[in-house]
Each structure stands twice: as structure tokens, then as C-alpha cells.
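Keep in mind the model is a prediction, meaning the values are calculated, not measured. When reading the values below, keep in mind they use all heavy atoms of this one structure, side chains included, and skip hydrogens, waters and symmetry mates.
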Amino acid sequence: MILAFILLLILPVAYIVYSQFSESSRVMQAQVAVDRLKRTADMVYYQAPGAKQFVTVSLPGGVDWTNSYIGKPGTANGTVLSKEISLKVYTRAGATEVWRSTKGEVKGYWPGAPGTYRYIVKKMDEGYVLIVPYEISFLLDPSSYSTNLQPGGSTSFTLNITNLESQAKTIDLDAGGDIATWISFSDDPVTLPADGSATSEVTITVPSNQAFGYYTSEVIATYENETAYVYIGVVVTGTGVGGAANVSTGMLLEILSPENTTYHDPLIPLIYWTNESTNWCGWSLNGGRFYTVSDNTTVLATKYGSNYLEMMCLSNEGDYGYDNVYFTSIYTTTCANRTVYSAIQDTLEDNTELVSESDDLRANMENTQKGVDHYLNATYHPNIDPSATIDSVIAYIEHYEEHISLAPSIYWWNGTQFVHVCDVPNADSDEIFSCVLSEVDTVSEVNDLLIQYYVTSTVAAPKSAFIDWLTVEICFSPGVDTTPPDVTIESPLNQTYYQDWVWMNVTLNENGSWCGYSLDGAANVTMNNDTATHFYYNASLNYGSHNVTFYCNDTSGNMNSTTQWFTTAATGCSDIILVAAEDSQGEDEGSDVNASDDIRADITEINKNAPQWLVMNFTGTAPNGVTIENATAYIEHYEGATIITPTLQWWDGTTWIDQCVLPNRDSDTIDSCSITNIDSVSEANDIRLRIYYTSTAAASRTAYVDYARVEVCYTV
């Protein structure tokens with residue numbers, strides 16, 4: 001009897017200790033596995049495509065396989081890749097996420113069961129790193145497929161098969177299960193190149209007289225002694241048994257749990273009700289495949305954040321019922337210990353350092369006697385995000401009292417007054433006491449927390465109390481982010497680009513998990529990123545008017561989009577030919593300035609009272625119908641005296657218009673000048689320029705021009 005009583009005392013404690021050890025061991029095992037895959041992936045990422053490594057990892061029990069991922073979070077859309085490896089392990093406090101960021105994008109999957117697995121980690125031609133269990137030497141994508149079809153209906157999906165080895169192989173395809181005859185392939189067998197991929201279209205066709213129900217099958221892929229499966233689920237709806245039209249008799253289906261609310265637990269029971277007997281019911285979570293359920297014993301393993309549940313039931317009479325519900329699951333993922341921010345006695349003596357850690361350096365509350373109250377106030381400012389949900393707040397006090405006449409207690413300041421929370425039992429040596437602050441349940445209360453350790457005495461003789469450590473553990477669930485990211489387009493801008501390529505660059509105001517762009521309504525293209533908020537891609541495109549829409553997900557799966565219009569155009573440039581050149585004395589200078597040959601036109605007798613000039617006529621071949629973008633004159637000249645100012649002018653048909661002042665040069669130098677007034681083909685094909693020389697000195701000087709040409713650039 002005594003032994004039994006002792007066991008009753010010991011076994012619960014032993015179980016708790018074992019449970020805590022087991023949880024800690026699972027988390028540690030998950031950390032080792034994730035770290036090992038991360039290190040191997042980073043090493044392979046920096047090597048050439050085709051590089052691969054093998055690594056063995058042990059995966060623990062108690063893993064939320066649905067919401068664990070390699071490279072593709074559950075919130076991601078389409079074929080998104082990312083730079084994360086994540087395992088979520090259940091503990092008594094909720095799900096603990098063990099994750100690591102990788103250097104490059106990764107893609108893969110977890111096996112879905114605990115055990116020791118050999119993984120292949122391989123750099124793919126597309127640049128990402130593939131991480132998959134090396135059960136077989138080829139990979140199937142997708143691993144499962146579900147659909148709803150009416151009798152006589154048909155659908156298909158693409159089966160992607162990737163070769164993981166450097167030798168070609170032939171994969172045989174077959175169908176199994178109760179509906180194997182419904183499945184056909186566009187290619188069977190499929191030839192895989194070494195380290196390459198191939199596809200086969202899988203078509204599912206339901207017989208025209210098929211009865212209501214949920215039917216399963218699988219695609220079986222075989223290479224020598226290796227086999228892989230794609231699991232198929234088909235819900236047949238729309239007509240009754242024997243192909244007769246379905247006349248609903250009013251079957252009702254109602255999901256009772258989960259409800260449209262927030263749950264602080266990842267495991268939520270599925271409870272439903274129907275008004276008819278059923279031959280099949282199934283559920284689908286967050287757009288996944290339908291799973292058969294027979295009664296109300298199913299527990300859903302939900303993902304953190306927003307969830308969407310669909311349910312369908314089929315009756316023997318050919319009726320079907322449908323219901324869905326949106327709900328949120330935010331469970332505790334963080335518990336933070338907060339040490340004392342400040343602690344002050346009634347004597348205003350600062351004791352912050354004395355109660356900040358368990359080190360036998362104590363705050364002494366001396367001379368406490370009957371009628372004299374002592375207290376110590378401790379404040380905390382943990383700065384928890386306002387969107388979080390507070391799950392629990394626990395104060396821990398390491399204390400002892402000199403005499404049992406001392407009665408310590410814990411108070412909390414609610415913003416108006418101190419509220420009693422706990423009575424603290426006397427301790428004759430350092431002892432840690434915990435006190436649950438159940439009324440502290442908002443982020444604002446936690447972020448400005450004031451706790452008071454209060455001591456009274458029942459005797460007149462002075463006694464002392466001592467506090468060695470005073471800390472608070474705050475457990476909270478991060479808030480669900482429902483705000484989409486702001487997407488700022490850096491490029492392209494709303495302008496014309498004279499090239500057949502454009503940078504697609506966007507910046508987010510928060511970390512993103514994926515960005516892609518759709519050019520002129522085409523399929524999305526996944527963009528690269530060099531930071532968590534900056535995404536880019538160099539896109540080739542045809543000339544003309546374009547619109548691009550950017551789509552970006554943040555790390556919570558919220559998507560935003562923005563659109564930009566722009567134009568690309570081809571450009572051309574023509575050298576407009578010099579026809580004639582004449583100086584102010586009427587001398588023909590055409591042959592002197594038609595080439596850079598040190599044979600120069602000499603413009604003489606330039607003085608203060610006698611400006612001189614050189615007039616040049618150009619005709620060219622700017623094509624009809626083009627748009628003139630710019631015209632630039634290039635003049636090789638020198639003046640030999642800084643007192644001379646050469647000004648380049650353009651004749652608009654009526655008068656000379658200044659374009660620019662050329663720098664004064666003391667040796668042959670080519671300077672350029674933009675002819676800003678030319679904006680039509682007719683003007684570009686008949687250009688008249690003049691270099692007009694002035695001087696500040698009375699004595700005559702000479703300027704020299706060796707070469708002149710005009711370049712006209714246009715858009716097709």
C-alpha cells in the first residue's frame with residue numbers, strides 16, 4: 001500500500017519530466033536535421049548545376065507535416081520557390097517552428113513520417129537546389145491530385161518527372177486502384193535524359209453512368225526496382241446512379257467545428273452534421289486534396305494564420321451536400337523572459353541590479369515591523385508587437401523572509417490602482433515562487449507592466465525580507481498579418497526605352513516570399529531577389545507598347561499587385577553629310593573640314609570689331625516616317641588664343657539661333673554640341689550650322705576647324 005502511494009506521487013512527476021525531456025529532444029532533433037540540410041544546400045548552391053551531395057537526417061515524431069516545408073510555404077501560390085527550410089514540432093505550448101534561411105532558392109519535401117532518411121541535395125539547371133529523400137532516383141510532381149467531375153467529364157494535369165542521376169532512364173507509367181481504367185497517359189513510357197526532366201499528360205475520364213461517390217486511384221511510375229506514386233482522388237457529382245439526372249432531395253451539410261473564429265491551438269476537431277445517411281464524406285483544407293472522413297473523430301492539423309475548410313458528403317440516393325468555413329489558428333510560438341527594467345523601494349533606493357538575476361545579490365527590505373509596510377516596484381517594457389495575442393503572463397520571484405511574521409504578496413498596477421494577485425508563502429532560504437497574472441491579457445498592459453512585491457509584519461520587532469530575482473515570462477502568439485505589401489515599381493517607368501530589354505525591379509515595404517510579373521497578360525514569371533524586400537528580373541521583349549503587372553506575396557501570404565505601362569522602340573543614327581563650307585570672306589572651305597586630316601579651314605582677321613564665321617551645310621538620309629530623337633554636331637577645332645569665343649549656331653530658315661559655346665582649345669580637339677531645335681525629318685535632312693567667332697582684343701587672330709559632322713538619331 002505504501003509503495004503504491006509513493007508511486008502515485010512519483011509517476012505524475014516522472015511523466016511531466018519525461019514529457020518535457022521528450023519535447024526538448026524532439027525540438028533538438030528537428031534543429032539538427034534542418035541545420036544539416038541547410039549547410040549542405042548552401043554548399044551545393046555555390047557549385048555548378050548538376051553538383052549534388054547526400055546527407056542523412058533523423059526526423060522526430062510529433063511533427064506537423066502539413067505545415068512544414070522545404071522551399072515552398074503553405075501560404076505560397078503556384079510554383080513559388082523560397083529560401084527557407086522549416087519543421088514545425090508540436091509541444092505542450094503549441095507548435096515550435098525550427099527554420100533556417102538558405103543562400104539560394106530551394107525546393108523539396110518532407111517524407112511525412114518520423115525516421116532516418118537519406119536525402120539528395122542537388123543544384124538544378126534553373127539555379128535552385130533540390131532537396132528530396134533519396135528513396136528513388138527520380139522525382140514526381142505533383143505527388144497527389146484531386147478533382148471534382150461530373151459523370152462523362154474529363155480533366156488532365158501535367159506529370160513532371162525529374163531524373164536525379166547522370167544516366168538516362170526510361171520510366172514506365174501505369175494506373176492502379178479502383179478507377180485505374182479512368183486514367184490514360186499522353187506518353188508512356190517516358191524517356192528521361194541524364195539529370196533532366198520530361199512530362200506526360202495524365203487524363204482522368206469519368207464513365208457517363210458513374211454513380212455519386214469519392215473514388216481513389218494512383219499513378220504508378222516504375223524504373224527497374226524503383227517505384228513512386230501519385231495519389232488520385234475524384235469526387236463524382238452532378239448526376240445520379242445509372243446516369244439519370246440528379247434530383248436533390250434537400251441534403252443538408254453543416255460544419256459545426258471549426259467555426260469562423262480564432263483558435264489558439266493548431267489541432268482543431270472536425271465536427272459536422274447531415275440530415276441524410278451518407279456513403280462518403282470528405283474534407284479539404286486550404287485547397288488541398290479531399291480526405292475521406294467517416295465520423296466526428298477527425299482532428300485537423302491547421303496551418304498558422306488563416307485557414308479555409310471545405311467539406312462534401314454524398315448520399316446513397318445521389319444527393320450531395322456542401323459547406324465551407326474560414327477560420328484562424330494562431331497558437332503560442334513565443335515565450336520571452338523579461339528581466340526587471342527598473343526596481344525601486346519605498347526608500348527610493350534603486351535595486352535594479354540586485355534583482356536582475358539569480359546571483360545571491362539581493363534587495364534588502366529592512367526594518368519591516370507592525371504598522372510599517374515595505375514594497376518593491378518592478379516595471380517591464382518588452383515591446384511586443386501590438387497585433388500579438390497574449391496567452392499567459394507569469395511572474396517569478398526568488399525570495400526569502402527573516403521571520404514567519406512577514407507576509408509577502410504580489411500586486412499588479414492596473415492603471416488606476418494596485419490589485420492583489422497572489423499571496424507568497426514564507427521561505428527561510430532562497431526559493432522561487434511563481435504567480436500567474438491572469439488579468440494581464442492585453443499587449444498594452446504587458447508592454448507597460450508594473451508589479452509590486454509587498455510585505456507586512458504582525459510583530460513589532462523589525463524584520464527583513466530579501467529578493468534575489470524578479471522576472472516575468474510572457475507567452476504570446478504573433479498577430480496574423482492580413483495587410484498586403486506595398487509594391488513600388490523601380491523599373492520600368494512610364495516612358496520609352498530605346499532597347500529590346502527592360503529591368504523589372506520592385507521594392508516591398510516588408511519582407512516578401514515571392515514576386516512575379518505578367519507582361520502583356522502572359523503567364524507569371526518568377527523574379528529573383530537580392531534582399532528580402534527587393535526583387536528583379538531582366539526581361540527581353542518586342543518593340544512597342546507594353547503593360548506589366550507585378551504580383552508580390554509577403555511572408556504571411558498576403559498578395560498585392562500594381563501595373564505599369566511603358567514603350568520600347570528601336571533606334572537608328574545617321575551621319576549627315578557635309579555638302580559645303582564657306583567662311584566669312586566667301587572662301588570655299590568644304591574640302592578642309594570634311595575629314596580629320598590636319599588640313600584645316602583658317603578663319604582669319606578675328607578682332608574686337610570684326611567677328612568672323614564659318615558656315616557649314618549638311619544634307620542627310622534620315623528616313624521618312626521616323627521620329628527624330630536628337631541631333632549632335634561634332635567639331636574638331638582650336639583657336640590658339642583664349643580671347644576668341646566660338647559659338648555654334650543653327651539657321652532656322654529665318655535667323656541664326658545659338659546652340660552652345662564651344663570651349664576655347666589650344667590644339668585640335670573634338671567637342672560636341674546638341675542641336676536642340678531639330679525635331680523633324682525635313683529639318684534633319686537639311687541642316688545649316690555656323691561657327692561664329694568673337695574676340696575681346698583689337699589685334700587680329702585666327703581660328704582653325706579641321707573636321708565637322710552631324711549625327712542624327714531617330715526612333716523607328
(request) Look only at the side chain of N524 and the backbone of G516, and say whether a donor-acceptor pair between them is shorter than 3.5 Å. (result) no
(message) Can you confirm if the NZ or CZ of R665 lies within 45° of the ring axis of Y638 and under 6.0 Å from the centre of its six-membered ring?
(response) no
(request) Taking the side chain as every heavy atom from C-beta outward, state whether H637 and E639 have any pair of such atoms under 4.5 Å apart. (result) yes
(message) More than 12 heavy atoms of other residues, nucleotides or ligands under 6.0 Å from CD1 of I577: yes or no?
(response) no
(message) If we count only N and O atoms by modelled type, under 3.5 Å, do the side chains of S584 and Q612 hold a donor and an acceptor together?
(response) yes
(request) Just say parallel, tilted or perpendicular for the rings of W613 and Y692, cut-offs at 30° and 60°. (result) parallel
(message) Just by distance, no angles: are the side chains of T158 and E201 close enough, under 3.5 Å, to form a donor-acceptor pair?
(response) yes
(request) Drop me the distance from S518's OG to Y551's OH, to the nearest 0.5 angstrom. (result) 5.5 Å
(message) So which atom in N560 and which in P485 form the shortest heavy-atom distance, rounded to 0.1 Å?
(response) ND2-O, 2.9 Å
(message) Evaluate D486 against T507 for side chain to side chain contact (heavy atoms under 4.5 Å, CB included), listing each step before the verdict.
(response) CA-CA 8 Å; D486 294 335; T507 298; over 6 Å; no
(message) With a 3.5 Å distance limit and no angle check, can you tell me whether N163 reaches the backbone of P193 through a side-chain donor-acceptor pair?
(response) yes
(request) Would you name the heavy atoms of S86 and W110 that are closest together and state the gap between them? (result) O-NE1, 3.0 Å
(request) Any chance you could measure D187, atom CG, to I161, atom CD1, to the nearest 0.5 Å? (result) 9.0 Å
(request) Output the distance between atom CH2 (W501) and atom CG (N538), rounded to the nearest 0.5 Å. (result) 6.0 Å
(request) Hey, could you give me the CZ/CZ distance between F550 and F535, rounded to the nearest 0.5 Å? (result) 12.0 Å
(message) Is there a side-chain contact between L159 and T199 in this structure, where contact means two heavy atoms from C-beta onward sitting under 4.5 Å apart?
(response) no
(request) Please name the pair of heavy atoms, one in V615 and one in R688, separated by the smallest distance, quoted to 0.1 Å. (result) CG1-NE, 3.4 Å
(message) Using a 3.5 Å distance criterion without hydrogens, assess whether the side chain of S200 forms a donor-acceptor pair with backbone atoms of F185.
(response) no
(message) I'd like to know if the side chain of T568 and the backbone of G544 have a donor-acceptor N/O pair within less than 3.5 Å.
(response) yes
(request) Output yes when a side-chain donor or acceptor of T496 lies under 3.5 Å from a complementary backbone atom of T567, and no otherwise. (result) no
(request) Start with the C-alpha gap between W99 and V34, add the side-chain angles, then the distance that decides, and say whether side chain to side chain contact (heavy atoms under 4.5 Å, CB included) holds. (result) CA-CA 7 Å; W99 67 276; V34 172; 5.7 Å; no
(request) Evaluate the side-chain proximity of V710 to L689: yes if any heavy-atom separation is below 4.5 Å, no if none is. (result) yes
(request) Determine the minimum heavy-atom distance between P492 and V548, stating which atoms define it. (result) CG-CG1, 4.0 Å
(message) Please tell me whether T526 and W514 have a donor and an acceptor in their side chains that are separated by less than 3.5 angstrom.
(response) yes
(request) Report the distance from atom CG of D668 to atom CG of D598, rounding to the nearest 0.5 Å. (result) 5.5 Å
(message) Would you compute the distance between atom CG of D658 and atom CZ of R690 and round it to the nearest 0.5 angstrom?
(response) 9.0 Å
(message) Is any side-chain heavy atom of Y517 closer than 4.5 Å to one of T563?
(response) no
(message) Strictly distance-based, threshold 3.5 Å: is any side-chain N or O of E587 a donor or acceptor partner for the main-chain N or O of D583?
(response) no
(message) For Y537, is the OH atom crowded, meaning more than 12 foreign heavy atoms sit under 6.0 Å from it?
(response) no
(request) For T562 and V487, indicate whether the former's side chain and the latter's backbone hold a donor-acceptor pair under 3.5 Å. (result) no
(message) Salt bridge check, K103 against D42: does any charged N sit closer than 4.0 Å to a carboxylate O?
(response) no
(request) Taking all non-hydrogen atoms of both residues into account, name the closest pair between V443 and A388 and its distance. (result) CG2-O, 3.3 Å
(request) Please tell me if the side chains of Q659 and C673 come closer than 4.5 Å, counting only heavy atoms from C-beta onward. (result) yes
(request) Taking all non-hydrogen atoms of both residues into account, name the closest pair between N494 and Q564 and its distance. (result) CB-OE1, 3.6 Å
(request) Given side chain to side chain donor-acceptor pair (under 3.5 Å), test T632 with E711 step by step and report yes or no. (result) CA-CA 5 Å; T632 305; E711 180 185 73; 5.2 Å; no
(message) Pair I644, T694 - check side chain to side chain contact (heavy atoms under 4.5 Å, CB included), show working.
(response) CA-CA 6 Å; I644 298 177; T694 59; over 6 Å; no
(request) Answer yes or no: is there a donor N or O on one side and an acceptor on the other, between the side chain of K122 and the main chain of V129, under 3.5 Å? (result) no
(message) Under a 3.5 Å cutoff, is there a donor and acceptor pairing between the side chains of S680 and S682?
(response) yes
(message) For a side chain to side chain contact (heavy atoms under 4.5 Å, CB included) check, start with the C-alpha distance between V681 and N624, then their side-chain angles and the critical distance, and finish with the verdict.
(response) CA-CA 7 Å; V681 173; N624 292 328; 3.9 Å; yes
(request) Using the side chain to side chain donor-acceptor pair (under 3.5 Å) rule, take E84 and T102 through it: C-alpha gap first, then chi angles, then the decisive distance, then the call. (result) CA-CA 6 Å; E84 283 189 11; T102 56; over 6 Å; no
(request) State whether the side chain of T654 and the backbone N or O of D652 hold a donor-acceptor pair below 3.5 Å, judged by distance alone. (result) no
(message) Less than 4.5 Å apart, side chain to side chain, heavy atoms only: is that true for Y714 and S574?
(response) yes
(message) On the six-membered ring of Y45, is K123 placed so that its NZ or CZ lies under 6.0 angstrom from the centre and within 45° of the ring axis?
(response) yes
(message) Please check this pair: side chain of N664 against backbone of A641, looking for a donor-acceptor N/O pair closer than 3.5 Å.
(response) yes
(request) Evaluate the side-chain proximity of L519 to H546: yes if any heavy-atom separation is below 4.5 Å, no if none is. (result) yes
(request) Measure the shortest side-chain to side-chain distance between I85 and I131 over non-hydrogen atoms and say whether it is less than 4.5 angstrom. (result) yes
(request) Decide if atom CG of D666 counts as having more than 12 heavy atoms of other residues, nucleotides or ligands within a radius under 6.0 Å. (result) no
